A.B. asks: 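Below is the structure I would like to discuss, written out as structure tokens.
Read the numbers this way: they start at 1 and go in the same order the structure lists the ligands and their atoms. Counting from 1, the numbers follow the sequence of the chain as shown. Please read these numbers as outputs of a predicted model, since none were measured by experiment.
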Amino acid sequence: MRLIFLGPPGVGKGTQAQRLAAEEGIPQVSTGEILRHAVKQGTPLGKQAQGFMDTGKLVPDEVVIGIIRERVGGAECARGYILDGFPRTVAQAEALDQMLCKNGGPGIDHVVSFEVPHADLIRRLSGRRSCPACQAVYHLEHAPPKREGRCDKCGGALVQRDDDKPETVEARLTVYDRQTRPLIEYYEKRGLLRCVEASASIDQVYERLRAAVRTPRPT
Ligand code: AP5
């Protein structure tokens with residue numbers, strides 16, 4: 001199964017990708033997580049990316065395309081993958097098309113577009129807490145940890161992401177509308193788009209997602 005998850009910040013892409021990836025036994029390739037890890041480690045990639053991420057802008061295309069080329073071409077992704085947060089521009093989508101065509105392997109099966117109203121996105125992002133050690137994601141109201149401030153899985157201290165501050169959130173939502181939303185039409189024209197209405201509970205959205213990706217594409 002080769003999937004792309006599209007949708008605005010806070011819509012629940014990461015939450016659903018983690019779950020489906022575990023069930024299917026395929027990797028979740030999150031460019032956001034890869035970049036945050038690089039920033040934390042202070043690598044050259046992290047130093048290059050940090051300024052863009054802190055202000056809610058996209059990291060330059062050539063940088064993220066390089067990350068994906070390395071991952072998708074690797075053995076870990078041979079059985080499939082979920083691309084969570086990539087592509088985010090038409091240039092990235094075209095580069096991915098070329099990459100998959102050049103590799104001669106199978107292309108993308110489905111592109112899942114998640115949508116919720118704007119006000120829900122703000123609530124989801126302001127209540128999000130995550131574990132930097134194991135990447136588990138929580139929400140203060142909708143998916144709270146059992147012990148306040150601590151990760152259920154590894155006991156690590158939960159943090160609020162730097163880019164979840166209100167001023168950065170607004171910038172990220174604007175960037176999504178301008179640079180990423182056009183991909184919905186890009187993939188619709190290719191017959192790959194599956195829309196999942198994501199305002200329901202995490203479990204209900206997961207059932208909708210499973211139904212969407214298990215329905216064969218019309219030929
Ligand atoms: P990235 O990490 O990809 O951030 P994002 O796309 O903005 O997405 P988020 O992680 O904020 O949200 P999500 O949809 O995964 O929601 P989640 O599941 O956590 O990117 C960060 C930055 O990296 C970018 O701004 C950019 O600078 C850079 N970058 C990354 N990829 C790039 C690329 N390809 N090109 C260039 N730059 C790139 O859920 C949110 C909250 O809601 C959680 O608390 C969760 O518990 C809760 N929740 C989830 N589902 C539900 C539900 N159904 N009901 C109630 N609560 C829910």
A.B. asks: Please list all pairs passing the side chain to side chain donor-acceptor pair (under 3.5 Å) test where one or both residues lie in residues 35-54, with sequence neighbours left out.
C.D. replies: E33-R36
A.B. asks: Counting only heavy atoms not in R71, do more than 12 fall under 6.0 Å of its CZ?
C.D. replies: no
A.B. asks: Which protein heavy atom lies closest to atom 45 (C) of ligand 1, and at what distance to 0.1 Å?
C.D. replies: T15 OG1, 3.7 Å
A.B. asks: How far is atom 42 (O) of ligand 1 from its nearest protein heavy atom, and which residue and atom name does that atom have?
C.D. replies: R124 CB, 3.3 Å
A.B. asks: Check whether the side chains of D163 and T168 place a donor and an acceptor atom closer than 3.5 Å, and report yes or no.
C.D. replies: no
A.B. asks: Just to confirm my output: which protein heavy-atom neighbour is closest to atom 32 (C) of ligand 1, and how far is it?
C.D. replies: R88 CD, 3.3 Å
A.B. asks: Run D109 and V213 through side chain to side chain contact (heavy atoms under 4.5 Å, CB included) and show every step you take.
C.D. replies: CA-CA 8 Å; D109 295 301; V213 298; over 6 Å; no
A.B. asks: Does G12, backbone or side chain, put an N or O under 3.5 Å from an N or O of ligand 1?
C.D. replies: yes
A.B. asks: Roughly how far, to the nearest 0.5 Å, is the OH atom of Y138 from the CG atom of L158?
C.D. replies: 6.0 Å
A.B. asks: Within the 4.0 Å heavy-atom shell around T31, which atoms of ligand 1 are there?
C.D. replies: 30 (C), 31 (N), 32 (C), 34 (N)
A.B. asks: Please report the C-alpha distance between M99 and I65 in whole Å, then the side-chain angles of each, then the deciding distance to 0.1 Å, and finally whether the side chain to side chain contact (heavy atoms under 4.5 Å, CB included) criterion is met.
C.D. replies: CA-CA 10 Å; M99 237 180 270; I65 290 167; 3.9 Å; yes
A.B. asks: Select the closest option to atom 9 (P) of ligand 1 among M53, Q16, R128, judged by heavy-atom distance.
C.D. replies: R128
A.B. asks: Rounded to the nearest 0.5 Å, how far does CG of L209 lie from CD of Q16?
C.D. replies: 5.5 Å
A.B. asks: Tell me whether E148 contacts the main-chain N or O of P145 through its side chain, where contact means a donor paired with an acceptor under 3.5 Å.
C.D. replies: no
A.B. asks: Considering only heavy atoms, which of R36, R19, H142 lies nearest to atom 21 (C) of ligand 1?
C.D. replies: R36
A.B. asks: So which heavy atom in the protein is nearest atom 37 (N) of ligand 1, and how far is it from that ligand atom?
C.D. replies: V59 N, 3.0 Å
A.B. asks: Would you please test L193 and V112 for side chain to side chain contact (heavy atoms under 4.5 Å, CB included) and show each step?
C.D. replies: CA-CA 6 Å; L193 197 72; V112 182; over 6 Å; no
A.B. asks: If you measure from each non-hydrogen atom of S199 to ligand 1, which part falls under 4.0 Å: side chain, backbone, both or neither?
C.D. replies: neither
A.B. asks: For S30, state whether at least one heavy atom is located under 4.0 Å from any atom of ligand 1.
C.D. replies: no
A.B. asks: Test your reading of the model: is there a side-chain donor-acceptor pair from E94 to the backbone of A91, 3.5 Å cut-off?
C.D. replies: no
A.B. asks: Find out whether K57 and R172 are in side-chain contact, i.e. whether some heavy atom of one side chain is under 4.5 Å from a heavy atom of the other.
C.D. replies: no
A.B. asks: Starting from atom 12 (O) of ligand 1, find the nearest protein heavy-atom neighbour and note its residue, name and distance.
C.D. replies: G10 N, 2.9 Å
A.B. asks: Below the 3.5 angstrom mark, is there an N/O of R129, backbone or side chain, next to an N/O of ligand 1?
C.D. replies: no
A.B. asks: Which ligand 1 atoms are under 4.0 Å away from a heavy-atom of S201?
C.D. replies: 53 (N)
A.B. asks: Where the closest heavy atom to atom 4 (O) of ligand 1 is concerned, which of E33, R161, Q204 has it?
C.D. replies: R161
A.B. asks: Output the list of atoms in ligand 1 that are nearer than 4.0 Å to some heavy atom of Y138, sorted by atom number.
C.D. replies: 43 (C), 44 (O), 46 (O)
A.B. asks: Within the 4.0 Å heavy-atom shell around Q92, which atoms of ligand 1 are there?
C.D. replies: 33 (C), 34 (N), 35 (N), 36 (C)
A.B. asks: Under 4.0 Å from a heavy atom of G14: which atoms of ligand 1 are those, numbered in the order shown and with their elements?
C.D. replies: 13 (P), 15 (O), 18 (O)
A.B. asks: Quick check on contacts: which atoms of ligand 1 are under 4.0 angstrom from a heavy atom of L125?
C.D. replies: 11 (O)
A.B. asks: Kindly say whether A136 contributes a backbone atom to a donor-acceptor pair with the side chain of S130 at under 3.5 angstrom?
C.D. replies: no
A.B. asks: May I ask you to check if R190 and Y186 form a cation-pi contact, with NZ or CZ under 6.0 angstrom from the six-membered ring centre and within 45° of the axis?
C.D. replies: yes
A.B. asks: Test the R19-Y206 pair against the cation-pi criterion, namely NZ or CZ under 6.0 angstrom from the six-membered ring centroid and within 45° of the ring axis.
C.D. replies: yes
A.B. asks: Is the closest heavy atom of D164 to ligand 1 under 4.0 Å?
C.D. replies: no
A.B. asks: In terms of residue, atom name and distance, what is the protein heavy atom nearest to atom 27 (O) of ligand 1?
C.D. replies: K57 O, 2.6 Å
A.B. asks: With heavy atoms of D163 as the reference, note each atom of ligand 1 found under 4.0 Å away.
C.D. replies: 21 (C)
A.B. asks: Around atom 28 (C) of ligand 1, find the nearest protein heavy atom and jot down its residue, atom name and distance.
C.D. replies: L35 CD1, 3.7 Å
A.B. asks: Is V64 touching ligand 1 with its side chain, its backbone, both, or neither, if touching means heavy atoms under 4.0 Å apart?
C.D. replies: side chain
A.B. asks: What about G56: any of its N or O atoms under 3.5 Å from an N or O on ligand 1?
C.D. replies: no
A.B. asks: Which residue and non-hydrogen atom of the protein lie closest to atom 7 (O) of ligand 1, and at what distance in Å?
C.D. replies: R172 NH2, 2.7 Å
A.B. asks: Please confirm whether the backbone N or O of E197 pairs with a side-chain atom of R208, one donor and one acceptor, at under 3.5 Å?
C.D. replies: yes
